[in-house]
Structures are given as C-alpha cells and as structure tokens.
There are 2 protein chains.
Amino acid sequence: MDNKTKARYEARAQIIKALAHPSRLFIVEELSHGKRCVCELTEMIGADASTVSKHLSILKNSGLVNDEKVGTSVYYELLTPCILNFFGCVENVMKSNAERHLELIN
Amino acid sequence: MDNKTKARYEARAQIIKALAHPSRLFIVEELSHGKRCVCELTEMIGADASTVSKHLSILKNSGLVNDEKVGTSVYYELLTPCILNFFGCVENVMKSNAERHLELIN
DNA sequence: TTCTTATTTAGCTAAATTGCCAAATAATCA
DNA sequence: TGATTATTTGGCAATTTAGCTAAATAAGAA
C-alpha cells in the first residue's frame, strides 16, 4: 500500500473516528432535527458542558458540523445529513448480531 | 437520556469504532471484492500478521465480517456491504473539507 | 512423528482518548 | 462598571487502543 493510499485511509478513519462515540452520535442525530446550542445538548446528554464542548469541537474539526454564535450561545448545525443513512446500516448490523445471539442460545 | 437510550448509542458507537481505523477500513473495502485470507491482507497492509489478526477479530466481534477455515488459512468475508455506501458520504465530507481549506487560502 | 506454514493469543510499552475541574473568554444585563 | 450566563481551553488522571515480539495452536507435508 503506497503512501498516498495510506494517507487517504487515514483521512477517512479520522472522520469515522469523530463519529465513534455515543455522545457524538447523539449530537449528530439531534442536529439532524435542527440547530441546537451547547447548553441544550449539554442538558440532554447530562455531561459537563466542557465535555460536550470538546465533543462538538471534534465534530467541527472533522467537518461534520458548523457553529454560529447567537448572543452568548453557540448554535451547532449538521453539515452532512448523508451520515444519517449510515445509521440504518449500523442498526442492521446490531439486529443481525442480536439474531445470531439468539441462535446460540436456542 | 435514559439508560436504554444510552445503551443503544453505546452499541452503535461500538460498531462505528470497529471501522475507525485505516487498516480496518482497508480490510472492509478489500473484502467487498471477495473473501481474503489473513496472509493476503497482511501482505497488502504491510503490518505484522498478529496485528492484522487483531484487527480482523475486532471486525468479527462487531459482526461486520465472518471467518471460515480452509486448510491452514482463514478466509474472511464481509457480512455488511451496506457499509460501503457510507464511504461515499465520508468522501464527500473530505471533499468539502478540502474546498473549505482552499477558500481559506484564497 | 517432525517440520513447516498460517493464525491467534499473551504480554508489554507507547500513544491516544475521555471526562472532570478550574480558569479564561465573550456577550449580555443591571 | 460589576455580575451573570454560555462557551472554550488547559491540565490532569484513568482508561483504551495499537502494534510489536514471543509463544501457543492448528493443519498439512515430508
């Protein structure tokens, strides 16, 4: 595998890594319904505001969301709705896994 | 966020995490063209066989691939081709990011 | 059986990730 | 101006991940 190819896979992995956390998945899904400020997301997630802010900056650095300041609040917006299609595939994997588990039990 | 919802997001994140590594992304894409044994993948990736084996076990534990022994070799197979659709979305994100970078420069 | 090849597992270290607290920054309000 | 609210950043400890070497396991060949 040459260096250019390797770099491309690393860039892809970087973006997927940004999605690979429960809170960040929640944020992406919530933002698919509309813009939300940090305080709203913090309330819903139930973690420290600084923690949520860091999750948001990871998503922003990966180019998945954008932010916009309104008064003292910062509103985040989903830039890439195509990600949502992927969640369906992930659900299918989870369903298959559950079925396989059941087979093992019975 | 109640516990059940949290558990669901964690399960999703677990699967996405399995994809969040350049070598594992390569493996998934390579397996989309057909079954491959560990030695073939090891050769292509250029890492230690034990490392590749561990990557494969991560993919298998997440339910993304399956394995089958043939002689002394173990062949892996992609179980979830729907993942490939997602890669197109990731490419789009990368393209948008590149364009944004160019705008900043000019 | 002994040797060889393919694969997995164990053990280790280095690096990355996570989440909290505390402090810094920014905008608004009294 | 001083106080308040929203957000981000720095710093730290705990946990997880990655990839190597060495050793264990498994199947086939001599």
Side-chain angles (χ1 to χ4, degrees), chain A residues 1 3 6-7 9-28 30-31 34-78, chain B residues 1 3 6-7 9-28 30-31 34-62 64-77:
Chain A
M1 188 155 37
N3 279 343
K6 195 178 285 186
Y9 279 104
E10 257 164 41
R12 282 193 196 178
Q14 200 55 42
I15 291 170
I16 298 179
K17 225 183 276 187
L19 290 168
H21 187 286
S23 298
R24 296 198 290 268
L25 285 180
F26 173 83
I27 290 170
V28 167
E30 184 60 29
L31 294 186
K35 301 182 181 183
R36 300 284 186 270
C37 70
V38 182
C39 58
E40 288 172 319
L41 295 167
T42 298
E43 163 97 28
M44 291 186 258
I45 292 172
D48 195 88
S50 69
T51 300
V52 174
S53 174
K54 277 182 188 172
H55 283 310
L56 286 163
S57 86
I58 289 170
L59 290 172
K60 189 185 168 188
N61 286 333
S62 301
L64 299 168
V65 305
N66 204 0
D67 62 350
E68 171 194 15
K69 190 149 199 171
V70 179
T72 59
S73 295
V74 176
Y75 282 80
Y76 280 81
E77 156 188 39
L78 184 63
Chain B
M1 188 153 38
N3 279 343
K6 197 179 284 188
Y9 279 105
E10 258 165 39
R12 281 193 195 178
Q14 200 55 41
I15 291 170
I16 298 178
K17 226 184 275 186
L19 291 168
H21 187 285
S23 298
R24 296 198 290 269
L25 285 180
F26 173 83
I27 290 169
V28 166
E30 184 60 30
L31 294 186
K35 300 182 181 183
R36 298 284 186 273
C37 69
V38 181
C39 58
E40 289 171 319
L41 295 167
T42 298
E43 162 98 27
M44 291 187 257
I45 291 172
D48 196 88
S50 70
T51 300
V52 174
S53 175
K54 276 184 187 170
H55 283 310
L56 286 163
S57 86
I58 288 170
L59 290 172
K60 189 185 168 189
N61 286 334
S62 302
L64 298 168
V65 305
N66 203 1
D67 61 350
E68 171 193 15
K69 190 148 198 170
V70 179
T72 60
S73 295
V74 177
Y75 282 81
Y76 280 82
E77 157 190 36

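Every value quoted in this text rests on a predicted model; they were computed, and no experiment measured them. Residue numbering restarts at 1 for every chain, and letters A, B, ... go by the order of the sequence lines.
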Under 3.5 Å, N/O pairs linking protein and nucleotides 11-15 of chain D:
unit_1	atom_1	unit_2	atom_2	d
dG11(D)	O6	K54(A)	NZ	2.5

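- Both V38(B) and H55(A) lie close to DNA chain C; mapped to their nearest nucleotides by heavy-atom distance, the more 5′-ward contact belongs to V38(B).
- A distance of 11.0 Å separates CD1 of I27(A) from CG of L64(A), quoted to the nearest 0.5 Å.
- Proximity of residues 68-75 of chain B to DNA chain D (heavy atom under 4.0 angstrom from any strand atom) is restricted to K69(B), G71(B), T72(B).
- Not one N or O on the side chain of S53(B) forms a donor-acceptor pair closer than 3.5 Å with the backbone of A49(B).
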Side-chain donor-acceptor pairs of residues 11-20 of chain A under 3.5 Å, sequence neighbours excluded:
unit_1	atom_1	unit_2	atom_2	d
R12(A)	NE	E91(B)	OE2	2.8
R12(A)	NH1	E29(B)	OE2	3.2
R12(A)	NH2	E91(B)	OE2	3.0

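- What you find for I45(A) and V52(A) is that their closest heavy atoms are CD1-CG2, 4.3 Å.
- Rounded to 10°, the angle separating the first-five-pair axis and the last-five-pair axis of the helix from dT1(C)-dA30(D) to dA30(C)-dT1(D) equals 10°.
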Give me, pair by pair, the N or O atoms of the protein and of nucleotides 23-25 of chain D that are less than 3.5 Å apart, along with how far apart they are.
none

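- Qualifying ring pair (Phe, Tyr, Trp, His ring centres under 6.0 Å) partners for Y75(A), counting only residues two or more places apart in sequence or in other chains: none.
- Taken from CG in L41(B) to CD in E30(B), the straight-line distance is 6.5 Å, to the nearest 0.5 Å.
- For K60(A), the salt bridge (Lys or Arg N to Asp or Glu O under 4.0 Å) criterion is met by D67(A), not counting sequence neighbours.
- By the side chain to side chain donor-acceptor pair (under 3.5 Å) test, E77(B) pairs with no residue at all, sequence neighbours left out.
- Within the structure, the side chain to side chain donor-acceptor pair (under 3.5 Å) test picks out the following pairs touching residues 38-48 of chain B (sequence neighbours left out): D48(B)-S50(B).
- In this structure, F26(A) and Y9(B) have perpendicular ring planes: the angle between them is above 60°, well past the 30° mark.
- Between H21(A) and S23(A) the shortest heavy-atom distance is ND1-N, 3.0 Å.
- The footprint of chain B on DNA chain C, defined by a heavy-atom cutoff below 4.0 Å, extends from dA6(C) to dG11(C).
- The CG atom of L59(B) sits 6.0 Å away from atom CG of L56(B), with the distance rounded to the nearest 0.5 Å.
- For DNA chain C, the residues of residues 15-27 of chain A within the heavy-atom distance limit of 4.0 Å (strictly under) are K17(A), H21(A), R24(A), sorted by number.
- In this structure, CG of D67(A) is placed 11 Å from C1' of dT8(D), rounded to the nearest angstrom.
- Near-neighbour residues of DNA chain D inside residues 39-50 of chain A, defined by a heavy atom below 4.0 Å, number-ordered: C39(A), A49(A), S50(A).
- Between L31(A) and Y76(A) the shortest heavy-atom distance is CD2-O, 3.5 Å.
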